[in-house]
Amino acid sequence: MKKSKAGLTVIKLLITLAFAFVYFYFKLPSINLHDFEFYTFVFVVCAVYCLLSLVTIGVYHVQSIGELALALKKNCLIPALVCAALVVLMVVGTIVSAPIFRAGAYSELLTVADGDFATEVKEISFDQIPMLDEDSAERLGDRKLGELSDMVSQFEVADDYTQINYNGRPVRVTPLIYGDIIKWFNNRSEGLPAYLIIDMVDQSVEVVRLEDGMKYSTAEHFGRNLYRHLRFNYPTFMFYGASFEIDDNGVPYWICPRMVKTIGLFGGTDIDGAVLVNAITGESQYLAAEDIPTWVDRVFFAELIMEQYDYHGLYQGGFINSLLGQEGVTVTTEGYNYLAMNDDVYMYTGVTSAGSDQSNVGFILTNQRTKETKYYPCAGATEKSAQASAQGQVQHLSYVATFPLLLNISDQPTYFMPLKDAAGLVKMYSMVNVQQYQIVAVGDTVAECEGNYLELLSNDDIIDTPVENGSRREITGAIDDIRSSVIDGNTVYYISLVGDGCYYVVSAADSPVAPILDPGDEVTIEASAESGELVEAFSLERAG
């Protein structure tokens, strides 16, 4: 009988271990007491062992309820004690992690310094303004893939579209994914053959074909699935998602931030580093936050930053003040956007009081690589109000404003918004003054919109310099190179002059002569006074 019982115990353990491996393989919980999924994993495994014990109790010829209870006690006592201990740990951990007891710690999750908008947020030339939102980037990516006859039947474009700075340009990058499980089976040996780079300024789409395909991604299955690859290499790590990025040489990587709990057992979500996974080879390396290379642009996700600022704004005066009185309580607004500065990508969101008013008291800019955060006091319109103001200017056209981007225009905090039609195509642009949101300008191009906006600021005596005295310049020279592209149905020409270091961008609508120009032709260009790789041109004519 003892030999039989020992054999049954071994069988139960083997079956339970097999189930635990299968559960772990597919659900991928971290082996970490800070992770609720780990507790679920242990509870389910213990339940399976106890269920097997119930099935096998009949071998002992149970004759009564008492014998059944005794048998359960003998077979399930250890799993029951483990589960009970974990339940107690969860309850205690939840209590000691609660904001009601740790409000001060929650308020210190994000260090916020005061900033000066005019000096710290530099004016940028229009060729650095990211005019393409994620929805428009997705449309362009799908359209580009449709042009690739060798790929469109087997692959689709992933919906990642991470915004990064690449060679000094704001772009969105996204990998291809397999069309379905059958297409994965047919193509898995070569991997994913390409990724897309979408320029957020000129809206061009580049397909980067890889000599060796990407073998590790969220679209893979089994051991090459990114999350399974991470879990088996870092079984105790908790991860806060994964972002697709490329390094300075165009090598694709997955940036996987490591999530930690810093308050009690379950509270104070933060990031203390990231695992960088080469999407082609699967080679991975964990780096502490201070060691992450500068080409990486997103380690701290916007949602986490906003959550930490909300804690900062809510609990600076203590937990009771966050509910009663609410003196000095502030929270972030509903949305966010990104701004490329200093070779990094910054998350922007507005800050408003805890009441339900429709005005901001300021805004924050956070470096998504380092989490350095600056608060800029600036009473004015919320982003939703600015969108409504912009749409009101073109209500006869029924255009919809995208979520605003915050810019410095002549030292004025300014909301910038592309205006899109019902088909999702950008048709116009709008600028709205944050502090005086009745000042609204629109234009068919960014340069025209900016010119109209500066004129409104000058007319209201907000700025001293009129638009004509510094925002435009005239250049005469011989054409060195001329190129063209079609953006949202409009032909745009890129023209460089001999001895000049930039391309002047002009639409065929603004310059009917542009389509018939050739290198060597002498032209006069009226262009923006801004500098950069691309400079907006208002008009172009033959010289003389």
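Heavy-atom basis, side chains included; hydrogens, waters and symmetry copies ignored.
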Assess whether a salt bridge exists between D270 and K371, defined as any Lys/Arg side-chain N lying under 4.0 Å from an Asp/Glu carboxylate O. yes
Non-hydrogen atoms of Q203 and L140 that approach each other most closely: O-CD1, 3.7 Å
Mind checking what makes side chain to side chain contact (heavy atoms under 4.5 Å, CB included) contact with N233, not counting sequence neighbours? H229
Any non-hydrogen side-chain atom of D212 less than 4.5 Å from a side-chain atom of T281? no
Side chains of residues 253-261: which donor-acceptor partners sit under 3.5 Å, not counting sequence neighbours?
| from | atom 1 | to | atom 2 | distance (Å) |
| --- | --- | --- | --- | --- |
| W254 | NE1 | Y216 | O | 2.9 |
| K261 | NZ | T269 | OG1 | 2.7 |

We want to know whether Y453 and T414 form a side-chain donor-acceptor pair, criterion being a heavy-atom distance below 3.5 angstrom. yes
Regarding E536 and Y504, is there a side-chain donor-to-acceptor distance under 3.5 Å anywhere? no
Any luck finding a side-chain donor-acceptor pair between E245 and T162 under 3.5 Å? no
Return the OG1 to CD distance between T370 and E372, rounded to the nearest 0.5 Å. 5.0 Å
Looking at R483 and D481, does any basic side-chain N land under 4.0 Å from a carboxylate oxygen? yes
Greater than 12 external heavy atoms within 6.0 Å of E334's CD: no
Exercise: do K420 and S136 side chains pair donor with acceptor under 3.5 Å: yes
Cut-off 3.5 Å, no hydrogens considered: what does the side-chain donor-acceptor table look like for residues 183-197, sequence neighbours left out?
| from | atom 1 | to | atom 2 | distance (Å) |
| --- | --- | --- | --- | --- |
| K183 | NZ | S153 | O | 3.1 |
| W184 | NE1 | E220 | OE1 | 2.8 |
| N186 | ND2 | I182 | O | 3.4 |
| N187 | ND2 | Q154 | OE1 | 2.9 |
| N187 | ND2 | K183 | O | 2.7 |
| R188 | NH1 | F185 | O | 2.5 |
| Y195 | OH | G250 | O | 2.5 |

Side-chain H-bond candidate by donor/acceptor type, T332 with D310, under 3.5 Å: yes
Centroid-centroid distance, Y311 to Y106, less than 6.0 Å: yes
Looking just at side-chain N and O atoms, do D297 and Y346 make a donor-acceptor pair shorter than 3.5 Å? no
Can you see whether Q387 engages Y415 through a side-chain donor-acceptor pair at a distance of less than 3.5 angstrom? no
Considering residues at least two apart in sequence or located in another chain, which fulfil the side-chain hydrogen bond (donor to acceptor under 3.5 Å, both in side chains) criterion with T373? T366
Contacts of R369 meeting salt bridge (Lys or Arg N to Asp or Glu O under 4.0 Å) (sequence neighbours excluded), chain-then-number -> D344
What closest approach, in Å, do P235 and F232 show between heavy atoms, and which atom pair accounts for it? CD-O, 4.3 Å
Side-chain donor-acceptor pairs of residues 38-49 under 3.5 Å, sequence neighbours excluded:
| from | atom 1 | to | atom 2 | distance (Å) |
| --- | --- | --- | --- | --- |
| Y39 | OH | L33 | O | 2.7 |
| T40 | OG1 | F36 | O | 3.4 |

Tell me whether R298 forms a cation-pi arrangement with F301, defined as NZ or CZ under 6.0 Å from the six-membered ring centre and within 45 degrees of its axis. yes
